[in-house]
Amino acid sequence: MVIKWRDEYSCYDETIDMQHRKLIELINDMNEIAKLDDGLDRYDEMVSIFEELKDYAVYHFGHEEKMFAEHGYDSFNTKIQVLEHKSFVNKVSSINLYDLDEDQIGTARDLLDFLSKWLDHHILVIDKKFGEFLKEKADIT
Ligand SMILES: [Fe+2]
């Protein structure tokens, strides 16, 4: 599944949207490499993009979690967000480097499949809900 930015992804917050675009970009960079399938060794390149993706995701989740606290987002939805964030980081951290070395394309594609589905759901359902909460709050005040 290739993930492309679309207007529907907007969470009504410029910073969150910009960070989501960056995550999509990194997933697509990885996808481009996995698509090549030309038999060349791309292990180092793949590991470095996954590292960047993990670091950027951690940064982005930290930003979101700070916003939940600042804006008094309810504890139920905050909990769901935090669990979702953990599952993404765990998945990216759990890449088996041995598997990746043995089967670069297969391992990368499996992971990409999980990450793009996860991100699509995260943006459209989970973060969108927070975006709507922010929008409502702004309308009231
Ligand atoms: Fe997010």
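Order of appearance sets the numbers: ligands from 1, and atoms from 1 within every ligand. This structure is a prediction, so every number in the text was calculated from the model and none was measured.
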Between E52 and K22, does at least one N-O distance fall below 4.0 Å, as a salt bridge requires?
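Answer for the salt bridge query: yes.
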Is any side-chain N of the basic residue among E45 and R42 closer than 4.0 Å to the acidic one's carboxylate O?
->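 The answer is yes: the pair qualifies as a salt bridge.
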Please confirm whether the ring centroid of F114 lies under 6.0 Å from the ring centroid of F88.
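Between F114 and F88, the centre distance exceeds or equals 6.0 Å.
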Tally of protein N, O or S atoms, where distance to the Fe ion (ligand 1) is under 2.8 Å:
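Protein heteroatoms (N, O, S) closer than 2.8 Å to the Fe ion (ligand 1) number 5.
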Sort and list the pairs that fulfil salt bridge (charged side-chain N to carboxylate O under 4.0 Å, His left out) and have at least one residue in residues 79-107, not counting sequence neighbours.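 Passing the test, one end in residues 79-107: no pairs.
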*List for me each residue that meets side chain to side chain donor-acceptor pair (under 3.5 Å) alongside N90, sequence neighbours excluded, and say none if there are none.*
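Listed in chain order: nothing, the list is empty.
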Exercise for review: Please name all residues satisfying side chain to side chain donor-acceptor pair (under 3.5 Å) with N96, sequence neighbours left out, ordered by chain then number.
Suggested key: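 For N96, no residue satisfies side chain to side chain donor-acceptor pair (under 3.5 Å) once neighbours in sequence are set aside.
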